[in-house]
Amino acid sequence: MPDNQTLAALFKRIALLLELKGENPYKIRAYRRAAEALTELDVPATVLWEEQRLTEIPGVGDAIAKKIDEYLRTGHLTFLERLEAEVPPSLIELTQLPGLGPKKVRRLWQELGITNLDALEKAAQEGRLRALSGFGPKSEARILEAIHAHRARPQGFLLGQAYPTALHLLEILRALPEIAQAEMAGSVRRGKAMVHDLELLLAAASPTEALQAALNALHAEAEIVVHPDYAEAEIQPPEGLPIHLIAAQPARWGTAWVFSTGSKTHLNALRDLATAQGHNPEAPFPTETAYYAALGLPWIPPELREGQGEIEAAQTKRLPNLITANAIQAELHSHSTWSDGRASIREMAEAALARGLRVLAITDHSQSLGVAHGLTPERLRAQKEEIRAVQAALGNQILLLQGAEVEILADGSLDYPDDVLAELDVVVASLHTSLRQPRERITERLLRAIRNPFVHIIGHPSGRLLPHRAGADLDWEAVLTAAAASGVALEINAHPRRLDLDDEHVRQAIDRGIPLAINTDAHTPTDFDNRFYGVLTARRGWATADHVINTREPKRLLAWLKQKSTKNH
DNA sequence: GCCGTTTTCGGCCCGACTGTTTTCAGTCG
C-alpha cells in the first residue's frame, strides 16, 4: 500500500505540471495544500480511505479524495497521466534551476520548444534566449552557470527519506527465517546528509538463499552475484532509491559490516594499516569490534569513518565520546500557529513532553517575514500570555521559554529593537531572504547578527536547502572567528533538507570552541523526531554532548542564556 | 480545488529582490 509520502508526491507533481500548463494559481495551491496535509498526517491515509473519511483531511475535498481513491484502487491516476501527455514532465527538471520558475519555463517551452536541459543549454549558448522578453544576456549567463552547477551537484536522496525506508526494509528482512541478522550499512549508516543508495547487510548460513528470500519478500527482481566470501544483489527501482543487499555468513559478519559501511577512504586506510602490520585486511571476524581489535584499534563509530583522522585518533585513544540522541534535553527552535507552525503552543509543548524534552522554546518568526505571518512586538506580548497559560496548565513537567526566530534584515540589523529582544528568553537569528548576495555583503550581514549581544543562536547558518539550493556564499573563516569571539551558538538545524551547519563546519566550529545547538525548527509535532538527523550530523562533526547546549540541565541552560544576553552590557 | 461564526460563491498569507524594464513580471522564501 502506498504511504502518505507517495500520495503527497503525486499531488506535488500535479501542482507543478498544472503550474507549467498555466492553470489557475488557486487550484494549484489547493493541490499543494493537500500534498502538505498528507505529508503531515499522523495516520496512514489508507486507513482513512478504508473508512471513507478522506475528506476529513484539511485541504482534501471531493475531487482530491476521488483521485486518492482511484490511485489506491488501481495504482493509476488518469488525471496525472493525461496531464503528463499534455505537459512534458522533463520540464520539471528545468524549474529546479535557481532563477527559473514555472512561468519562465513555460515560455521557454511554448515559445522556443525547449523541454530539457540540453536544449536549454544549447539555446543559451547560441544567445537565443534573449529573444524572449524578460530574458537578456545576463539571464543566459546565469542559466548556463545554473545548468553547470546542476549537473555537478551530487544526485542523491535525502537522509530523511533513506533512513525511514531502511528501517522499514529491515523490519521486513528480519522477519525472514533465512536471515539471521539484518543491519544498515553504507552512507546511510554513516549518517551522510545525502545518499546515493541504501546498503543493507544480511547475515545468513546461506547468503544466496537469504538474498533470494529477500528479493521475494520485497517483490523485486535482481541478479544475485556470488563472490567467494559474500553474495550481493542490486535492486534498481524505476525512480526510487537503489537498494544494495549484501549477504555474508555470520562468522564474517564483522568484516562484511566494516567493508559495506565504508567510506572508501576509511577502508583504504584500514587496508594500509593491516598490510603494514602483516595482516590480511579481508580476514573474517564475527564482529566489528573484533575486526578493529585485530588492528589494535577500538571500535570506530560509523559516523567517523570518513578518513578524516579517525584512525590516528583511535590509535592514540583520542576518539571523541560522541553525543547521543537521548542526551538532548531542550529544543530551542520551534514554531506554532502564531506564525507558520501547524500546531498550537499547547500541542507543541505536549508533543515535546511526550518525547522526553525538559525545555521547549517557542521561537516564532519576527514581523518582517510576512509569508510566515511573523509577529509584531504587540503580538509577541500577547503570545507571552498564552505561553504562561500553557506553562501553568502543564505544571513543571516541561519548561516553556519564549523566544523568536528573528530575521536578519538586508543591512544586518535585526527585525526587533533591543528592548523587545531583551524581553525574550531565547533569540535565534536567521537569514531567509537575499541569500544570494555577494560573499562580502552576506557575510557582513551575518557578522552583524553574530556580534549582536542579544542573539543566542544563529539559525541554519548557511541557509542551504537540500538537495537543490546551495547555501549562501559565506566567508566561513570570518563567520567562525566572529562566532568564537562573541560566544554565540551556531545551530545544527536538524531538518533533513537543511542539516545546516553541515558536518564539516560542525567540526571547524568545535575546533574553535564555538557552542553548538541542535534544533529541529519544528513546525509540527512530528518534526521533533528530526532531532535524530541533527545528532547524526553532529556526530559526523565529532561532537560530544559537552559541545551542544541542548544537552545541558535546564538550570545550566538558563544560566547560559542569561549570561549570553547580559554580557557586554 | 477547497472552504465557510465573511457560509454554497467569491475569496484564497506577503514583500523584497532581480533583471529587465521605463513601470514590471517572475522568483524566492
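Throughout, a chain's letter reflects where its sequence line sits, starting with A, and its residues are numbered from 1.
- Nucleotide B:dT27 holds its C1' atom 12 Å from the CD1 atom of A:Ile143, rounded to whole Å.
- Rounded to a whole angstrom, the distance from the P atom of B:dC28 to that of B:dT23 is 25 Å.
- With sequence neighbours excluded, the residues forming a side-chain contact (heavy atoms from CB on, under 4.5 Å) with A:Ala349 are A:Leu360, A:Val390, A:Leu394, A:Leu400, listed by chain and number.
- Remark: the separation of the P atoms in B:dG10 and B:dG15 is 26 Å, to the nearest Å.
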Under 4.0 Å protein heavy-atom contact, by nucleotide of nucleotides 15-26 of chain B - B base, S sugar-phosphate only: --SSSS-----S
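- Using a 4.0 Å heavy-atom criterion, one finds that A:Arg33 contacts no nucleic acid atom at all.
- Using atom C1' as the reference point in both B:dG4 and B:dT8, the two lie 9 Å apart (nearest Å).
- Dashed line: the shortest gap from a side-chain N or O of A:Tyr31 to OP1 or OP2 of B:dG1 is under 4.0 Å.
- Proximity of A:Leu120 to A:Leu100: side-chain heavy atoms (C-beta onward) are separated by under 4.5 Å at one or more points.
- Among the heavy atoms of the strands, none lies under 4.0 Å from A:Lys66.
- Closest to the side chain of A:Ala30, from the set B:dC28, B:dC13, B:dG1, is B:dG1.
- Whole-Å rounding puts the A:Glu36 CD to B:dC12 P distance at 18 Å.
- Nucleotides B:dT21 and B:dG26, compared at atom C1', are 13 Å apart to the nearest Å.
- Every side-chain contact (heavy atoms from CB on, under 4.5 Å) that A:His373 has, sequence neighbours left out, goes to A:Arg379.
- The separation of B:dC17 from B:dC12, taken at their P atoms, amounts to 25 Å, rounded to a whole angstrom.
- The A:Lys27 side chain lies nearest to B:dG1 when the options are B:dG1, B:dC28, B:dC12.
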Extract all donor-acceptor atom pairs below 3.5 Å that involve side chains of residues 108-117 of chain A and protein atoms in other chains or at least two apart in sequence.
from	atom 1	to	atom 2	distance (Å)
A:Glu111	OE2	A:Arg107	NE	3.2
A:Asn116	OD1	A:Asp118	N	3.2
A:Asn116	OD1	A:Ala119	N	2.8

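- Residue-level contact check: A:His432 touches the backbone only, with heavy atoms under 4.0 Å from sugar-phosphate atoms and none from bases.
- The distance between atom CG of A:Asp415 and atom P of B:dC14, rounded to the nearest whole Å, is 17 Å.
- Separating the C1' atom of B:dC13 from that of B:dG29 is a span of 13 Å, rounded to the nearest Å.
- When the side-chain contact (heavy atoms from CB on, under 4.5 Å) test is applied to A:Thr443, the partners found at least two apart in sequence or on another chain are A:Arg439, A:Leu447, A:Leu474, A:Asp475, A:Ala478, A:Val479.
- The pairing partner recorded for B:dC14 is B:dG29, the criterion being a Watson-Crick or G-U wobble arrangement whose two distances lie under 3.5 angstrom.
- Among the protein residues, A:Asn24 comes within range of the nucleic acid bases, having at least one heavy atom under 4.0 Å from a base atom.
- Residues forming a side-chain contact (heavy atoms from CB on, under 4.5 Å) with A:Lys138 (at least two apart in sequence, or on another chain): none.
- Residue A:Arg33 places its CZ atom among 12 or fewer non-hydrogen atoms of other residues, nucleotides or ligands, all under 6.0 Å distant.
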